[in-house]
Amino acid sequence: MDLYVGSEAEISLGDKTVELSMRSQFPWEGNVELATKADGRYGIALRIPSWAKTYKIAVNGSAIKEEKQNGYVTVRRNWHKDDKITLEVPMEATLYQAAPEVREDIGRLAVQRGPLVYCAESIDNGEGLERIRLMDGMEFIYEYSDKLFKGAGILRTDAVREAKGNQLYSLYGKFYRKTSIVDAGGEGVKSLFKYQVCYLV
């Protein structure tokens with residue numbers, strides 16, 4: 001299996017037909033369930049995404065330990081009708097930075113969760129995206145919203161936004177304010193620090 005989307009398949013193997021059905025929550029959650037529709041002996045190859053740090057595979061609730069080869073784990077069994085294979089791939093938000101040789105991307109970061117790369121946009125966060133600073137080790141909170149794009153995952157985190165100055169040069173590190181990167185339900189200015197609403201969608 002390469003593409004984890006809800007589907008059904010009929011595959012010819014020699015003189016017989018293998019029928020499978022799949023339920024999946026990709027790309028928002030890393031849970032996949034395959035069900036067999038008939039008896040027979042064959043192998044089912046599950047693709048393990050390159051971004052997956054860990055994974056778990058179980059057959060009818062019992063964990064298996066087949067080794068990954070060339071990006072796939074192949075499960076061979078005497079299958080019976082309604083046997084179930086489950087694949088669980090934890091999804092963690094991870095920061096990536098471009099190689100310093102890419103001059104246009106120096107100082108820029110990408111946020112990836114599962115197969116998706118997230119961005120912050122000015123339509124959600126206001127102007128001055130270039131002044132937002134993300135730090136290594138910061139915690140991201142994932143939420144699913146059925147109101148955004150008819151259903152999409154959102155990441156929230158606390159970041160630092162450099163305050164906009166009125167001078168071309170100023171003392172380094174003097175002009176910062178805390179920024180909360182949140183979903184559409186975020187508020188505006190709060191307390192001593194100025195919180196600016198920021199999306200990662």
Side-chain angles (χ1 to χ4, degrees), residues 1-97 109-119 134-158 181-183 185 199-201:
M1 297 294 171
D2 287 292
L3 186 61
Y4 295 123
V5 294
S7 57
E8 295 186 358
E10 292 186 2
I11 305 167
S12 296
L13 289 178
D15 58 351
K16 57 187 171 184
T17 300
V18 173
E19 296 182 50
L20 300 171
S21 65
M22 176 165 32
R23 293 192 303 173
S24 172
Q25 296 176 314
F26 268 60
W28 312 118
E29 300 294 343
N31 302 321
V32 179
E33 180 182 279
L34 286 167
T36 59
K37 296 295 185 179
D39 297 348
R41 180 171 180 80
Y42 47 88
I44 299 176
L46 302 173
R47 181 179 62 85
I48 308 301
S50 60
W51 48 262
K53 298 177 181 178
T54 61
Y55 61 90
K56 295 180 181 179
I57 299 176
V59 175
N60 296 326
S62 298
I64 64 172
K65 297 182 179 180
E66 274 81 350
E67 293 186 1
K68 181 172 65 173
Q69 294 184 348
N70 300 321
Y72 291 81
V73 173
T74 301
V75 186
R76 298 186 183 278
R77 294 285 191 281
N78 287 316
W79 300 103
H80 302 286
K81 183 179 180 180
D82 295 328
D83 279 345
K84 288 183 172 56
I85 307 171
T86 56
L87 169 66
E88 297 181 18
V89 183
M91 291 189 176
E92 302 174 358
T94 306
L95 293 176
Y96 288 90
Q97 63 181 11
L109 297 173
V111 183
Q112 180 177 351
R113 182 183 182 272
L116 301 179
V117 176
Y118 285 70
C119 68
L134 304 180
M135 285 75 68
D136 187 30
M138 64 196 313
E139 180 182 359
F140 287 88
I141 299 173
Y142 173 78
E143 295 178 358
Y144 183 82
S145 171
D146 57 6
K147 298 178 181 178
L148 184 65
F149 305 123
K150 297 183 179 180
I154 298 171
L155 291 177
R156 291 195 302 155
T157 191
D158 285 333
I181 298 181
V182 299
D183 62 15
Y199 254 140
L200 288 179
V201 299

State whether the side chain of [X] and the backbone N or O of [Y] hold a donor-acceptor pair below 3.5 Å, judged by distance alone.
X	Y	result
Thr36	Leu20	no
Thr17	Glu10	no
Gln25	Pro27	no

Distance from [X] atom [atom1] to [Y] atom [atom2], nearest 0.5 Å?
X	Y	atom1	atom2	answer
Ile141	Glu139	CD1	CD	5.0 Å
Ile44	Trp79	CD1	CH2	4.5 Å
Gln112	Tyr96	CD	OH	4.5 Å
Thr94	Leu109	OG1	CG	12.0 Å
Arg156	Glu143	CZ	CD	4.0 Å

query = Taking the six-membered ring of Tyr142, is the NZ or CZ of Arg113 close enough (under 6.0 Å from the centre) and on axis enough (within 45°)?
reply =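 Flagged: Arg113 positioned over aromatic ring of Tyr142.
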
key: Working for side chain to side chain contact (heavy atoms under 4.5 Å, CB included), residues Phe26 and Leu3   = CA-CA 9 Å; Phe26 268 60; Leu3 186 61; over 6 Å; no

ask   = Given side chains that start at C-beta, do those of Ile154 and Tyr118 come closer than 4.5 Å, heavy atoms only?
value =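 They are not in side-chain contact.
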
query = Hey, does Met91 have a side-chain heavy atom less than 4.5 Å from the side chain of Trp51?
reply = yes

Under the rule for side chain to side chain donor-acceptor pair (under 3.5 Å), what residues qualify as partners of [X], not counting sequence neighbours?
X	value
Arg76	none
Asp83	Asn60
Glu19	none

key: Verdict with reasoning, Glu66 to Tyr72, per side chain to side chain contact (heavy atoms under 4.5 Å, CB included)   = CA-CA 10 Å; Glu66 274 81 350; Tyr72 291 81; over 6 Å; no

key: Stepwise side chain to side chain contact (heavy atoms under 4.5 Å, CB included) test for Leu95 and Val111   = CA-CA 5 Å; Leu95 293 176; Val111 183; 3.5 Å; yes

request  = Carefully, step by step, assess Ile85 and Ile57 under the rule side chain to side chain contact (heavy atoms under 4.5 Å, CB included).
outcome  = CA-CA 7 Å; Ile85 307 171; Ile57 299 176; 4.1 Å; yes

Listed once per pair and sorted, the salt bridge (Lys or Arg N to Asp or Glu O under 4.0 Å) pairs that draw on residues 35-59, sequence neighbours left out =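 For residues 35-59, and leaving out neighbouring residues, the salt bridge (Lys or Arg N to Asp or Glu O under 4.0 Å) pairs sorted by first residue read Lys53-Glu92.
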
ask   = Looking at Ser21 and Glu8, what are the two nearest heavy atoms and their distance?
value = CB-CG, 3.9 Å

task = Of all the heavy-atom pairs spanning Ala45 and Thr74, show the shortest one and how long it is.
result =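 Between these two residues, the closest heavy atoms are CB-OG1, 3.7 Å.
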
note = Given the options Val32, Leu34, Leu87, Ser24 meets side-chain contact (heavy atoms from CB on, under 4.5 Å) only with Val32

inquiry  = Can you list everything that forms a side chain to side chain contact (heavy atoms under 4.5 Å, CB included) with Lys68? Sequence neighbours excluded, please.
reply    =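 Scan of Lys68 (side chain to side chain contact (heavy atoms under 4.5 Å, CB included), adjacent residues dropped) gives Ile48, Tyr55, Val73.
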
ask   = Under the side chain to side chain contact (heavy atoms under 4.5 Å, CB included) test, which residues partner Asn70, sequence neighbours left out?
value =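 So Asn70 forms no side chain to side chain contact (heavy atoms under 4.5 Å, CB included) with any residue.
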
